[in-house]
2 protein chains.
Amino acid sequence: MASVSRFINSPEKVRAETRERIRLAIQECNYRFNFVAKVFSTQRTQTIGLVIPTITNTVFADSTRGLQDEATRHGYQVLMVNADYDSAAESRLVRHLLERQVDGLVLTVSDPHGPIARELADAGTPAVFLFSTLSEGPVSSVGIDNERGGFDATTHLADLGHERIAMLAGSFATSDRSRHRYDGYCRCLSTRGLTLDPQLVVQIPYGLEYCREGVLRLMQTANPPTAIFASNDLMAIGAMGELRSLGLSVPRDVSVVGFDDVLMSSYVAPRLTTIRQPVYEMGRRAVQMVLDALGRGEQSVPRHVILNHELVVRESTASLHRA
Amino acid sequence: MASVSRFINSPEKVRAETRERIRLAIQECNYRFNFVAKVFSTQRTQTIGLVIPTITNTVFADSTRGLQDEATRHGYQVLMVNADYDSAAESRLVRHLLERQVDGLVLTVSDPHGPIARELADAGTPAVFLFSTLSEGPVSSVGIDNERGGFDATTHLADLGHERIAMLAGSFATSDRSRHRYDGYCRCLSTRGLTLDPQLVVQIPYGLEYCREGVLRLMQTANPPTAIFASNDLMAIGAMGELRSLGLSVPRDVSVVGFDDVLMSSYVAPRLTTIRQPVYEMGRRAVQMVLDALGRGEQSVPRHVILNHELVVRESTASLHRA
DNA sequence: ATGAAAGCGCTAACAG
DNA sequence: CTGTTAGCGCTTTCAT
């Protein structure tokens, strides 16, 4: 029995003859290794749990690729679950993952300052928040400076001469990223001496489907915007589709800037101006940090990493020409 | 010990007083349930393994949502892995999932007629192929009739008067769906008496990135096509982006039809004409079939379900006007 | 280099 | 209704 275990985990530790004997026996009873038993015995799953808000936004697919690549490189698996932007689901899923004995956790949640942070810190399982902008707190994090991202996106529009700049925002209640980007939007407006018109800020639930109503609300105001900052690329693309339905042209009538730079954004018409996040790298860093904490054991202190973003100017934004 | 187990799994089977006693004890030692131990003991993970070819095509995100919703409804989890269109990875991942004792398997693989089918049938774990068109074989399946889908897409173009119809196909080696759609394309051409020009069929690896070269090859032929059938929406969108780069207008110069009807397709400009697959429903059906087989035990016979697809005509296709 | 045996934390069968 | 106990299949000592 012990020799079989040795054979499987480090064949070189067993004599060639025994090796052969075992190989045959394994063939014979077409034995299949039981990973669960191993996990049970070793208390190590070699698995990292991943919680994402949605599987339909490819930005999470891209970070997940980085994450998986890095995990695989170190012999770890990724167990991914999505919470559909629902904070109750987030807690439930984290509990599930913890019960399943994942060795570490990477997560993007509604509110990294909420109760979930304490739960995670108490659990003693290494965890890192992904995408959020954090500079403190008991749980590590890796992301970009979302506030500055929002500021940069809005500044680009202001630089083009726009004064009626709207924000089509993902609901703050379900995304602290959206809220931080909004903060940046506000700061830009006030820096530029532009008035923040509450009618020009619309929060919508996540999903292309909701862009319709959001854009409608924006464009039906007495004094509609000439530019829209959407808090992610998907919403920006949704907004462009809706503007087109209204007979409006992007960027001639309305400029649009997104956030994330998903691959699709350089293929749509017009190609989308956006803020690029280094998502693949973010995913990699997240597992590195988890593995690092795993190595250090208990006395690991939380780290907060902020990577650089970048404004990518394409065709969906243009300077405001007045008649 | 046993009472604790009872308390956790069916609290009503234990007296209120004992319940309280246990609750306290649990608080006391801040006990966390060990799911792995349960799995080990019961030999049931309550988990369905899911193998998808890529996480970056939202069509798989959509089927996965159906799958997860249905799984959750029955108290099952989904363990998702992606194989990146690599058949070696597929086998490896299936083995991993089997070692992890998943109760059932849902998978989309390069070639459902390949060795993996035998492996699955031998494993004795219920499995169903998703997306592929199968009418026989030891492993159950649910999908649409991809050959007819390809036929319908091409017929739509032929109906519009196009005679030079190209196919931008995902590599056949990594997708039997692409191959079947191509078969339908060929059948339509021959039905219509159109010649099948090998120069008008280009296979590219999966990914938006590869569309560039594919479209280039197509449009640089002596007698370029006036219409392109892409074997999925992502490639169709990539193709439209590339055509635009070449100064060509869709659908004025070239008509484009895709396959899948991902949500994005109704938002891009021009809105994409495509073949809709009932992907959410497909995901649901797949887990139903797995659960069904799980219920029946060994004497379950493979079933092959083909759902209906539908041509959705939007703006990316137009009739051929000759000067 | 190999075999024997304990133990991981749960469930299920059984006895009380 | 509750406690006792065997056992799931691996790894990990510890002898040999």
Side-chain angles (χ1 to χ4, degrees), chain A residues 1-47 49 74-77 79 95-104 123-125 294 297-298, chain B residues 1-47 49 74-77 79 95-104 122-125 294-295 297-298:
Chain A
M1 211 57 249
S3 282
V4 177
S5 182
R6 278 186 278 263
F7 168 78
I8 284 164
N9 293 300
S10 33
E12 72 283 0
K13 291 201 169 176
V14 49
R15 207 170 28 172
E17 185 215 330
T18 321
R19 214 145 48 195
E20 197 50 36
R21 202 150 50 89
I22 293 174
R23 197 201 320 282
L24 287 175
I26 283 180
Q27 291 260 309
E28 188 80 22
C29 10
N30 70 359
Y31 162 87
R32 172 165 311 124
F33 184 77
N34 186 330
F35 184 77
V36 173
K38 177 197 182 124
V39 166
F40 178 54
S41 163
T42 58
Q43 315 276 50
R44 278 271 165 273
T45 50
Q46 299 282 100
T47 299
H74 294 277
Y76 279 75
Q77 311 266 311
L79 176 45
R95 230 166 7 247
H96 271 302
L97 291 171
L98 254 18
E99 285 186 354
R100 288 194 174 228
Q101 314 287 109
V102 293
D103 295 342
T125 301
L294 229 32
E298 293 300 304
Chain B
M1 211 57 250
S3 280
V4 177
S5 183
R6 277 187 277 263
F7 168 77
I8 285 165
N9 293 299
S10 33
E12 71 282 1
K13 292 199 171 180
V14 45
R15 205 170 31 171
E17 183 215 329
T18 321
R19 216 146 48 196
E20 198 48 39
R21 199 150 51 88
I22 293 174
R23 197 202 320 283
L24 286 175
I26 283 180
Q27 291 261 309
E28 188 80 20
C29 11
N30 72 357
Y31 161 89
R32 171 167 309 125
F33 184 76
N34 185 332
F35 185 76
V36 172
K38 176 196 183 125
V39 166
F40 178 55
S41 162
T42 58
Q43 314 278 50
R44 278 272 166 272
T45 50
Q46 300 281 96
T47 299
H74 294 277
Y76 278 73
Q77 311 265 312
L79 176 45
R95 234 172 359 255
H96 271 303
L97 291 171
L98 254 20
E99 285 186 353
R100 288 191 175 231
Q101 312 288 106
V102 292
D103 296 342
D122 292 346
T125 302
L294 229 32
E298 292 300 303

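Residue contacts for A:F33: at a heavy-atom cut-off of 4.0 Å it reaches the sugar-phosphate backbone alone, with no base atom in range. Across all strands shown, A:Y31 has heavy atoms under 4.0 Å from sugar-phosphate atoms exclusively, and none from any base.
No donor-acceptor pair under 3.5 Å is formed between the side chain of A:R44 and the backbone N or O of A:D103.
Looking at which nucleotide of DNA chain D each of B:R19 and B:T42 is closest to, the 5′-most match is held by B:R19.
Taking 4.0 angstrom as the limit, A:S41 places none of its side-chain polar atoms (N or O) nearer than this to OP1 or OP2 of D:dC10. One finds no side-chain N or O of A:Q101 lying less than 4.0 angstrom from the OP1 or OP2 phosphate oxygen of C:dC8. Taking only side-chain nitrogens and oxygens, A:N9 comes nearer than 4.0 Å to OP1 or OP2 of D:dT11. When the side-chain nitrogen and oxygen atoms of A:Q43 are compared with OP1 and OP2 of D:dT11, none of them lie within a distance under 4.0 Å. Here A:R6 does not reach the OP1 or OP2 of D:dT13: none of its side-chain N or O atoms lies under 4.0 Å away.
In this structure, the CD atom of B:E99 is 10 Å from the P atom of D:dC10, given to the nearest Å. In this structure, A:R44 places its CZ atom 12 Å from P of D:dT12, rounding to the nearest Å. B:K13 has its NZ atom 16 Å from the P atom of D:dG3, to the nearest Å. Whole-Å rounding puts the B:R21 CZ to D:dG3 C1' distance at 10 Å. B:I22 has its CD1 atom 13 Å from the P atom of D:dC1, to the nearest Å. Taking atom CD1 of residue B:I8 and atom C1' of nucleotide C:dA12, one finds them 15 Å apart after rounding to whole Å. In this entry the distance linking NZ of B:K38 with C1' of D:dC8 reads 14 Å, nearest Å. Atom pair A:F40:CZ and D:dT11:C1' shows a separation of 12 Å (rounding to whole Å applied).
Of all nucleotides listed (C:dA12, D:dG9, D:dT12), D:dG9 comes nearest to the side chain of A:A37. Closest approach to the B:A2 side chain among C:dT11, C:dA12, C:dA1 is made by C:dA12 (side chain taken as heavy atoms from C-beta onward).
Between the side chains of B:R100 and B:T47, no donor N or O sits under 3.5 Å from an acceptor N or O.
When all heavy atoms are compared, the tightest approach of A:A25 to A:C29 is O-SG, 2.8 Å.
Here the CD atom belonging to A:E17 is positioned 10.5 Å from the CD1 atom belonging to A:I22, to the nearest 0.5 angstrom.
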| Which is it for B:F35 and A:Q101 under the side-chain contact (heavy atoms from CB on, under 4.5 Å) test, yes or no, and what are the steps along the way? | CA-CA 7 Å; B:F35 185 76; A:Q101 314 287 109; 5.9 Å; no

